[in-house]
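Notes follow once the structure below has been shown.
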2 protein chains.
Amino acid sequence: MPLIDSALLALADPTRRAILARLAKGEATVMELAAPFDMSQPAVSHHLKVLEQAGLITRGRRGTSRPCRLAPDGLADVESWLTGLRAAMESNYDRLDALLAEDDPQQET
Amino acid sequence: MPLIDSALLALADPTRRAILARLAKGEATVMELAAPFDMSQPAVSHHLKVLEQAGLITRGRRGTSRPCRLAPDGLADVESWLTGLRAAMESNYDRLDALLAEDDPQQET
DNA sequence: AATCTATATAAATAAGTTTTTATGTAAAGG
DNA sequence: CCTTTACATAAAAACTTATTTATATAGATT
């Protein structure tokens, strides 16, 4: 599956977004990440695997724990896709505006 | 399901992203949207329903056809969540930079 | 009214997701 | 070495998604 697909799919889950939000404040272990959720540890481990495979986080090793951190440009593809769509939308509105202005100010909004 | 969840889930499918990209260039009917894809019409109708329920498109009626267009601020929630995460990441980097600069330039990257 | 056009809905299936419990593993500490 | 700590993996159940074929519907055309 393309990375952008897995990234968006990963982001579609509120638990995973909360994990990313936590990691934005700095590195954390699996236990630390799991603590806020009413969910088993394996479930959280699974979410982390999904995030890792989507390129959104990376995992290190320190003793018996596996600290997670955000992948610095894991969101790049998603952000750039959204930016591109936004740009296309706006250039379309501009063309519409131009058309309306030029040839019929009575057109509906 | 929260709108942001369904929006991200909707965006996670490449067919649906292609549909949105097409709509960014202007309104289109279901047949027009379906044409580029090697997929049945009901499958496309289903994708459109997913996009509509996610607040990403709206549908009108004109004769027997149902023209689709982008919902102007359907992406707002997604964009603002991403912006927020980005901001949190960067303020964290800033704090890290500050710490490293202030107290130990030998720290690892 | 009969039919055509554009689209929606339904039923079925195949595949994927989320979550749990149970179990495995690798590093640390006594 | 034995145990504890922190985590991963496996198997299973419940649910959701993507897609197809077949059928229904609503408006336009004749």
Side-chain angles (χ1 to χ4, degrees), chain A residues 1-23 26-71 78, chain B residues 1-23 26-71 78:
Chain A
M1 186 167 21
L3 255 194
I4 188 170
D5 292 20
S6 11
L8 285 162
L9 201 61
L11 291 173
D13 183 282
T15 300
R16 288 191 293 253
R17 285 199 307 279
I19 288 174
L20 293 177
R22 165 64 187 78
L23 289 177
E27 184 177 290
T29 68
V30 176
M31 299 221 77
E32 286 163 354
L33 292 172
F37 302 106
D38 183 18
M39 187 183 296
S40 68
Q41 168 262 313
V44 171
S45 277
H46 176 66
H47 284 305
L48 293 173
K49 182 187 252 178
V50 171
L51 289 168
E52 187 179 28
Q53 285 173 345
L56 295 174
I57 68 172
T58 61
R59 292 197 263 185
R61 170 158 298 180
R62 199 168 46 203
T64 103
S65 81
R66 311 288 311 274
C68 302
R69 39 173 80 194
L70 289 183
V78 167
Chain B
M1 185 171 15
L3 256 195
I4 187 169
D5 291 20
S6 12
L8 285 163
L9 200 60
L11 292 173
D13 183 281
T15 299
R16 287 189 295 252
R17 286 199 307 280
I19 288 174
L20 293 177
R22 164 66 187 79
L23 290 177
E27 183 177 292
T29 67
V30 176
M31 297 219 77
E32 287 162 354
L33 292 172
F37 302 106
D38 183 18
M39 188 182 293
S40 67
Q41 169 262 313
V44 173
S45 277
H46 178 251
H47 284 305
L48 293 173
K49 183 187 249 175
V50 170
L51 289 168
E52 187 178 28
Q53 285 172 345
L56 295 174
I57 69 172
T58 61
R59 292 197 263 185
R61 170 158 299 182
R62 200 168 46 203
T64 104
S65 82
R66 312 287 312 273
C68 303
R69 38 173 81 196
L70 289 183
V78 167

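Convention: sequence-line order gives letters A, B, ...; per-chain numbering from 1.
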Contact class for [X] vs. all strands (heavy atom < 4.0 Å): base, sugar-phosphate, or nothing?
X       : value
B:Thr15 : nothing
B:Ser40 : base
B:Arg62 : nothing

* Nearest nucleotide by nearest heavy atom, which residue falls closer to the 5' end of DNA chain C, A:His46 or A:Gly63? -> A:His46
* **B:Glu52 and B:Arg66 ion-paired at < 4.0 Å** =>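 No salt bridge links B:Glu52 with B:Arg66.
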Looking only at side-chain N and O atoms, does [X] come under 4.0 Å of OP1 or OP2 in [N]?
X       : N      : answer
B:Arg66 : D:dA26 : no
B:Ser45 : C:dA8  : yes
A:His47 : C:dT17 : no

* Identify the two heavy atoms, one from A:Leu3 and one from A:Gln53, that lie closest to each other, and give their separation to 0.1 Å. => CD2-O, 3.6 Å
The side chain of [X] lies closest to which of these nucleotides: [options]?
X       : options               : value
A:Arg16 : C:dA6, D:dA6, C:dT18  : C:dT18
A:Met31 : C:dT7, D:dC7, C:dT19  : D:dC7
B:Arg61 : D:dG27, C:dT7, C:dA27 : D:dG27
A:Val30 : C:dA27, D:dA8, D:dG27 : D:dA8
A:Met39 : C:dT20, C:dA8, D:dA6  : C:dT20
B:Lys49 : C:dT7, D:dC7, C:dT9   : C:dT9
B:Asp13 : C:dT19, D:dC7, D:dA18 : D:dA18
A:Pro42 : D:dA8, D:dA6, C:dA8   : D:dA8

* Could one point to a donor on the side chain of B:Gln41 or the base of C:dA8 with an acceptor on the other under 3.5 Å away? -> yes
* Asked: Just one of B:Val50, B:Leu11, B:Leu70 clears the side-chain contact (heavy atoms from CB on, under 4.5 Å) bar with B:Leu56, so which one?
  -> B:Leu11
Just how far, in rounded Å, is [atom2] of [N] from [atom1] of [X]?
X      : N      : atom1 : atom2 : result
A:Leu8 : C:dT17 : CG    : P     : 14 Å
A:Asp5 : D:dT17 : CG    : C1'   : 14 Å
A:Leu9 : D:dA18 : CG    : C1'   : 13 Å

* Asked: Does a side-chain heavy-atom distance below 4.5 Å link B:Leu33 with B:His47?
  ->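 A side-chain contact is absent here, since even the closest heavy-atom pair is not under 4.5 Å.
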* Look at atom CE of A:Met39 and say whether more than 12 heavy atoms of other residues, nucleotides or ligands are closer to it than 6.0 Å. =>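 More than 12 within 6.0 Å, yes.
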